[in-house]
2 protein chains.
Amino acid sequence: MTEELTDLLAGSRNLVGRSSTVERVADVLRGHIIDGALAPGARLSEEAIGAALGVSRNTLREAFRLLSHEGLLVHEFNRGVFVAKPTAEDVVDLYRVRRALELSALRGAAEASDEAVALVGASVEMGQRAFDSGDWWGLGTANMRFHQAIAGLAGSPRTDEIVRRLLAELRLVFHVMSAPREFHAPYLEQNKEIHRMLCEGRLDEAADRLGGYLDVAERQLVDAFAELDDPRSQAPA
Amino acid sequence: MTEELTDLLAGSRNLVGRSSTVERVADVLRGHIIDGALAPGARLSEEAIGAALGVSRNTLREAFRLLSHEGLLVHEFNRGVFVAKPTAEDVVDLYRVRRALELSALRGAAEASDEAVALVGASVEMGQRAFDSGDWWGLGTANMRFHQAIAGLAGSPRTDEIVRRLLAELRLVFHVMSAPREFHAPYLEQNKEIHRMLCEGRLDEAADRLGGYLDVAERQLVDAFAELDDPRSQAPA
DNA sequence: CCAATTGGATTGTTCAACAATCCTTCGATC
DNA sequence: GATCGAAGGATTGTTGAACAATCCAATTGG
């Protein structure tokens, strides 16, 4: 179910004209990267992946280039492509851009379309269902959907694309979180409240709430990274 | 010791070792697109361009993919790549994202580095020189540089890249302006004043000024588009 | 005049090959 | 024994050609 929706999300970007092999390959790889099957830092061999997916090296390289520009892969000349390995600095940067775009969209939501507002509500309900069934990764997905819907209030195709890219990178970051439930669960209530404020037209208030919430999440992630790099937390060999 | 050497190597590689054919091709094409040698809407034949630049179709296609993700080219499946042809809606969208990012960067510029602030000043001086020598296209370039410097106040690599992409698209938009002087010249004074406010720490004031200025520019561009589409302004065949 | 067909041109994708570069291993020298 | 350097293999960078799939325009037929 969740996977179906994820595919729908990714697929809804470009309409139905989805016949390019390159994009299909990129979709498959994106999925594997986002759900962790391809770990951050892993090298993707052209020959191996090409053989596994049954596509030529040239086609694969075009797909690599696509995902590199989405921030999911990094390309090192003459060395190959690697799954992006976000750092604490990347987290700070990602949240900086998110704050600018999401808060701007929320503050200007007076002119948002009804469908855009409805998407926010739908993401909240989706999160509730995931919570009820104990699907913590699905809860994370719903949370992403929530933020994408917030950004969508601006009615701006470019904002939508930028935020989608940022959230995909953020998915990589979440792989360092050892406790997805504790991380994602508290935000469900916040999302509900922000949605309520949005429906009542209390936009500035909603934006302030969202801003504070982003600060907390960023802090939490940065701390998680610090703990990873901190030698005292490493188990003795 | 080792680390120093590694840093040096990495730094010099990015500056000098631009040895990828794909990126060199992309640079050439980007230049021709931005300065108008390749007009918006023009189709880029793989065979023709490949022969002209002396690169293979596969390499060229990778460069196309790069520029497509920068928004300068649009790729239509089974039809080819075309120089992007922005519409009035694109203008509105571009300014929406610019407002969000540039104003956010300016409002948070209290923590900006000295170099970042200096870049703003440098762009203003560059604009003054272009104005004095009657170089209107150079004035436009300086203006772009100014806005990139404003965005750079955030100290965010991702913001920098996004804004660079937006401004490159905007360059295409400017090709519809028949009077570059009248369009660009008035903003020089505004940039000076915003720079002054920035140096004096009057950030919110500067941001308000910039916001209003962006509104005017957007309006001006949209009007120019409306005139283009308006039949009454077209010469009889 | 309009519609269907056909043919040429262009793109999408694959395959094979070679040059350039990197990483590893092996050896040589001190 | 350790450090440095040089072959060796493996991987990427780039090219060229080939074929299938698709689009576009001209031609043909009604």
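This one's a predicted model, so the numbers in the text were calculated from it and none came from an experiment. The sequence lines fix the lettering, A, B, ..., with proteins before strands; numbering per chain opens at 1.
Scored by the salt bridge (charged side-chain N to carboxylate O under 4.0 Å, His left out) test, B:Glu76 finds B:Arg79 as partners (sequence neighbours excluded). Applying the ring-ring contact (aromatic ring centres under 6.0 Å, His included) rule to B:Phe174 yields the partners B:Phe183, B:His184; only residues at least two apart in sequence or on another chain are considered. Considering only residues two or more places apart in sequence or on other chains, B:Thr87 meets the side-chain hydrogen bond (donor to acceptor under 3.5 Å, both in side chains) condition with B:Asp90. Under the salt bridge (charged side-chain N to carboxylate O under 4.0 Å, His left out) criterion, B:Arg165 pairs with B:Glu169, not counting sequence neighbours. Remark: A:Arg96 pairs with A:Asp93 by the salt bridge (charged side-chain N to carboxylate O under 4.0 Å, His left out) rule, at least two apart or across chains. Residues forming a salt bridge (charged side-chain N to carboxylate O under 4.0 Å, His left out) with B:Arg61 (at least two apart in sequence, or on another chain): A:Glu62, B:Glu46.
Sequence neighbours left out, not one pair with a member in residues 31-43 of chain B passes salt bridge (Lys or Arg N to Asp or Glu O under 4.0 Å).
Each end of the helix from C:dC1-D:dG30 to C:dC30-D:dG1 gets its own axis, taken as the rotation carrying the C1' atoms of four end pairs onto the next four within a five-pair window, and the two axes meet at 0° to the nearest 10 degrees.
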Worksheet, complete the sentence: A correct 5'-to-3' footprint of nucleotides 11-17 of chain D, with B, S and - meaning base, sugar-phosphate only and no protein heavy atom under 4.0 Å, is SBBBBB-

